[in-house]
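Heads up, the thing below is written out as structure tokens.
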Number of protein chains: 2
Amino acid sequence: MIADRIRRPALLDRIVTPEQAAALIRDGMIIGMSGFTRAGDAKAVPIAMAARAKTDPFKITLITGASLGHDVDRMLTEAKVLARRMPFQADRTLRAAINRGEVMFIDQHLSETVEHLRSNQLGPIDYAIVEAAAITEDGGLVPSTSVGNSASFAVLAKKIIVEINLSQPAELEGLHDIYFPGRRPSRVPIPVVTCDSRVGFPYVPIDPDKIAAIVVTDEKDSASTIEPQDDDTGAIASHLIRFFEAEVEKGRLDLTLQPLQAGIGTIANSVLTGLADGPFHHLRMYSEVLQDSTFDLFDAGKLAFASGSSITLSSACAERVFSDFHKYKEHLVLRPQEISNHPEVIRRLGVIGINTALEVDIYGNVNSTHVNGTHMMNGIGGSGDFARNAYLSIFVTKSLAKDGKISSIVPMVPHVDHNEHDVDIIVTENGLADLRELAPRERAVEIIRNCSHPDFREALSGYFERACTRGGHTPHLLEEALSWHERVRTEGTMRLD
Amino acid sequence: MIADRIRRPALLDRIVTPEQAAALIRDGMIIGMSGFTRAGDAKAVPIAMAARAKTDPFKITLITGASLGHDVDRMLTEAKVLARRMPFQADRTLRAAINRGEVMFIDQHLSETVEHLRSNQLGPIDYAIVEAAAITEDGGLVPSTSVGNSASFAVLAKKIIVEINLSQPAELEGLHDIYFPGRRPSRVPIPVVTCDSRVGFPYVPIDPDKIAAIVVTDEKDSASTIEPQDDDTGAIASHLIRFFEAEVEKGRLDLTLQPLQAGIGTIANSVLTGLADGPFHHLRMYSEVLQDSTFDLFDAGKLAFASGSSITLSSACAERVFSDFHKYKEHLVLRPQEISNHPEVIRRLGVIGINTALEVDIYGNVNSTHVNGTHMMNGIGGSGDFARNAYLSIFVTKSLAKDGKISSIVPMVPHVDHNEHDVDIIVTENGLADLRELAPRERAVEIIRNCSHPDFREALSGYFERACTRGGHTPHLLEEALSWHERVRTEGTMRLD
Ligand SMILES: CC(C)(COP(=O)(O)OP(=O)(O)OC[C@H]1O[C@@H](n2cnc3c(N)ncnc32)[C@H](O)[C@@H]1OP(=O)(O)O)[C@@H](O)C(=O)NCCC(=O)NCCS
Ligand SMILES: CC(C)(COP(=O)(O)OP(=O)(O)OC[C@H]1O[C@@H](n2cnc3c(N)ncnc32)[C@H](O)[C@@H]1OP(=O)(O)O)[C@@H](O)C(=O)NCCC(=O)NCCS
């Protein structure tokens, strides 16, 4: 059994307990840990680290692919292990510590972290702690449900701790395509030219001598936390379907569209599922996280291929997919997040990027990260990698938040993650604004009319008209621009009544 | 003489006057015109268009590479010919019309415009009006001092008007490398792998039947408007030299650094010239506009090769360079701006991008375009193409503007062109802030201490400290964040005394 999963016999005697592995981590270390949107995260060693820190305090810099499952970020935060954390997180407890200024959070484009490591602007990594489905005869690591940054962590780290997870299906082997761009300035083109290009190894090639410890685990990935489709997300999906149909009619797209990317979260997932109701076929995805919607589209016979960096599913969907994995496997590939999110490949393929905004301003600038301009929600994630280089950059959001107290269309966003240059289309349940080749004053008219909630529309138009009397390419009333958010801070609502 | 410049005899009888060519342009047309930062612009036909419009009014959408010389944007604005203008400009009269909302200006990443054309999201172009140094036997167009978007305009336009400029040196032939990325989704990698890669044609291959008219001109490019180095830009350059030296000491760079890009304007030009005083050698440039500084570095024996999309020089420098052009030619290449600015190539080569900010906030967000948050200066140009994908993204600015009334370091920028994710290093005459792998609260300390002017330092620290008491990953006092700019609007100064 274990010999199938650790196929290099010499490594068998490196098996230790999670506690023994955790004891290797010392104060001040930089740790690279697997895990991308809850999938394929290290599950035992980080929890043992949190336990140890209660009696033996230490602090680390923790770098991952993206967010983790199993409350690892919560436990490490409560145990005060995290001095620095990058490049993404989605944990309530860690978020609060970040917002108190206790954990230094470096919110980064997901494609960039390993560039910084490779060029020694960050690091070196002391330990990579990575989950694997298996170790090959040569000592290669077979990732599990995510690749994320794990491949580069393992290659660049001084030492590696491997968690072999027996609950991850052995059939995952062969799913991954591990490719590393060379060091600069002598790097060559990344040879990915279609969603299904395979250009690397099916495992992470490492020097097996670097494996300091192996821990055997048997716990499933945490289930995704997305909510089912509702009226609003259904409406967003149908606006998008109508838009794509119109693009097809204009001869700009055909019914296979362009490779699709869909961001994390409930809204993007619902919108993607909604595409099953359109006339499209042979769709392809070149995305980051593959959520339930990917498999809904496969099952609806709409999707030909999906490339991602992780698979993060609800329990029901995971059951369905992994009990019949051979059916999906030949239509799937998981890549390092540097490649799934690489500007070069996204631009080359002409990806249609669909990401979720917290809020959007009347000129089309997007805030994806900072609640009320100051408090971190999750992080920019891959949204910037996609939005900047996409064939079409689409942002979706509900027009209201917090029981209608907050308008997601505002005069000025108090934090900009994606500026007007990178935002082509905005969709809310009310409608769609096509901003391509429009000047800011024209954008404002479209966004207010098509996207804003009727309760706030008049106030937005009033702001815009008064701002225009002051002139400027992008008119604003600086003394009033952030007053809607200031009202949320002091009164908990943007409403005046 | 003219037969050397128009080497396809059948085309000789398409020579017309500028007025005859201008008469081809009709109301509502989309026109693609050559010209990139004053270099290689069409010089006769647009002026004839402006003259014609005085008696025969018409409006067009004008797309160029970047800014134009010869007051063309001013004349077309005064003649009310411009309905829409993209993707960049730098003219005082046009800027005022944009800010009055009279001309719809679409401010775009310079690498993106032709992607939109190629995918029919913009266009089609009715006429391309392009300057050429020559037309080859096959009807190919040899560009002059810029390529910009002209190659794609000529290939994608329904018809072409060519201005053959006899004042442009015949030796320009062979300088250009014209490569077009394929249509998506079947595009292959762009084969540029070093600054001096040559991957295309030395001319723009077109169907000569599309040439509707040829106009012969004899006027030089407008000289660049940059100012000489001063104490502040000298100080910025020496901070940067010290920083690069430290990176070399840490083993992250060697003395050839990485390929350099320097943005438009006086400050970036002076900083680049300043690098001649450092210990660096065999430098390479992968940039957009090649300004005087490029040739200063060549003459100082520091520069091995420069790739750009245009050459824009002061009169004295142009005299020096073009009287001895063979000396430089083999170390130079001019590419379409889509390639000089392509995310794929910038990321692959690991370019060090040096661009100029109007202002920067305490968290490292950059405003490059909107004076006081509302009024367009020039446009984002290529700064986003470089900053997002650079190995190191550096922004330079003087710490004060407008005779010291304005601090270029502010609590919050009222317009964001480059957010914290894309800004690694900020330099003013006061010092350098290295923001890599820092959280926002850490960034603020570095920027305020190292970059801000002493006159405003205390006010910035006070703002930051008070904001921190409210919490948040990126602390702000929303009711005060834009008050510095509001004071400029109402009182013309950020100073309280
Ligand atoms: C923006 C983002 C938070 C939306 O997530 P979602 O699950 O689709 O959307 P929801 O509407 O459920 O919003 C999530 C939370 O934000 C809150 N929110 C939404 N809009 C808000 C606004 N304008 N102001 C304040 N809070 C807002 C919601 O109330 C909800 O809060 P809760 O968790 O306390 O209930 C999420 O997509 C994200 O983190 N994006 C950034 C990273 C990214 O885009 N990655 C894409 C590539 S993977
Ligand atoms: C930002 C930019 C305008 C600076 O230009 P520059 O010539 O190097 O710098 P200067 O200090 O001379 O500033 C130019 C003008 O901006 C004004 N300015 C500078 N900082 C300012 C501030 N914080 N607030 C208001 N005005 C400011 C100056 O006073 C000057 O005004 P003037 O022309 O009326 O005298 C210019 O670099 C630009 O347009 N950048 C955006 C495009 C870009 O980066 N392209 C790079 C790839 S090509």
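Just so we're on the same page: letters track the sequence lines, and every chain starts at 1.
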query: For chain A, which of B:Ile380, B:Val188, B:Val371, B:Asn389 has the most heavy-atom pairs under 4.5 Å?
result: B:Ile380

- line: Shortest non-hydrogen pair, A:Ser119 vs B:Tyr391, comes out as CB-CE1, 3.6 Å

task: Against chain B, label A:Ser111 side chain, backbone, both or neither, depending on which of its atoms sit under 4.5 Å from a heavy atom there.
output: both

task: Give a yes or no on whether the backbone of B:Thr374 and the side-chain of A:Arg470 come within a donor-acceptor separation of less than 3.5 Å.
output: no

field: Inter-residue atom distance A:Ile106.CD1 - B:His421.NE2, 0.5 Å rounding
entry: 12.0 Å

message: Do B:Gln121 and A:Glu247 pair up side chain to side chain, a donor and an acceptor below 3.5 Å, judged on atom types alone?
response: no

field: Flag, side chain of A:Asn419 to backbone of B:Asp417, donor-acceptor distance under 3.5 Å
entry: yes

message: With a 4.5 angstrom heavy-atom cut-off, is it the side chain or the backbone of B:Arg95 that approaches chain A, or both, or neither?
response: neither

- prompt: Among A:Met376, A:Glu442, A:Gln108, which has the most heavy-atom pairs under 4.5 Å with chain B?
  reply: A:Glu442

query: By a 4.5 Å heavy-atom criterion (distance strictly below it), what part of A:Pro181 contacts chain B: side chain, backbone, both, or neither?
result: neither

message: Can you tell me which residue among A:Arg388, A:Arg348, A:Arg347 is in a side chain to side chain contact (heavy atoms under 4.5 Å, CB included) with B:Pro343?
response: A:Arg347

- prompt: Contact part of B:Glu115 toward chain A, heavy-atom cut-off under 4.5 Å: side chain, backbone, both or neither?
  reply: side chain

- request: Measure the shortest side-chain to side-chain distance between A:Gln258 and B:Pro185 over non-hydrogen atoms and say whether it is less than 4.5 angstrom.
  value: yes

message: For B:Tyr363, which atoms come within 4.5 Å of any heavy atom of chain A: side chain, backbone, both, or neither?
response: neither

message: Need one label for B:His485: side chain, backbone, both or neither, based on atoms under 4.5 Å from any heavy atom in chain A.
response: both

task: Go through the atoms of B:Arg284 and report whether side chain, backbone, both or neither lie under 4.5 Å from a heavy atom of chain A.
output: side chain

field: Separation of B:Thr194 OG1 from A:Arg187 CZ (nearest 0.5 Å)
entry: 15.0 Å

query: Rounded to the nearest 0.5 Å, how far apart are NE2 of A:His476 and CG of B:Leu482?
result: 9.0 Å

statement: Value for CE (A:Met104) from NE2 (B:His473), rounded to nearest 0.5 Å, stands at 8.5 Å

- request: Kindly indicate whether the side chain of B:Glu479, heavy atoms from C-beta on, has any atom under 4.5 Å from the side chain of A:Thr490.
  value: no

Winner by heavy-atom pair count (cut-off under 4.5 Å) against chain A, out of B:Val103, B:Thr113, B:Asp385, B:Asn120: B:Asn120

query: At what distance, to the nearest 0.5 angstrom, does CG of B:Leu478 lie from CH2 of A:Trp484?
result: 14.5 Å

message: Please classify the contact between A:Arg85 and chain B as side chain, backbone, both or neither, with a heavy-atom cut-off of under 4.5 Å.
response: neither

field: Contact winner vs chain A - B:Ala96, B:Gly471, B:Pro191, heavy-atom pairs under 4.5 Å
entry: B:Gly471

statement: Ranked by heavy-atom pairs below 4.5 Å to chain A, first place among B:Met86, B:His415, B:Glu112 goes to B:Glu112

Heavy-atom check, side chain of B:Glu420 versus side chain of A:Asp107, under 4.5 Å: yes

- prompt: Are any non-hydrogen side-chain atoms of A:Glu344 and B:Ile190 less than 4.5 angstrom apart?
  reply: no

query: Hey, is the main chain of B:Glu437 close enough, under 3.5 Å, to the side chain of A:Arg84 for a donor-acceptor pair?
result: yes

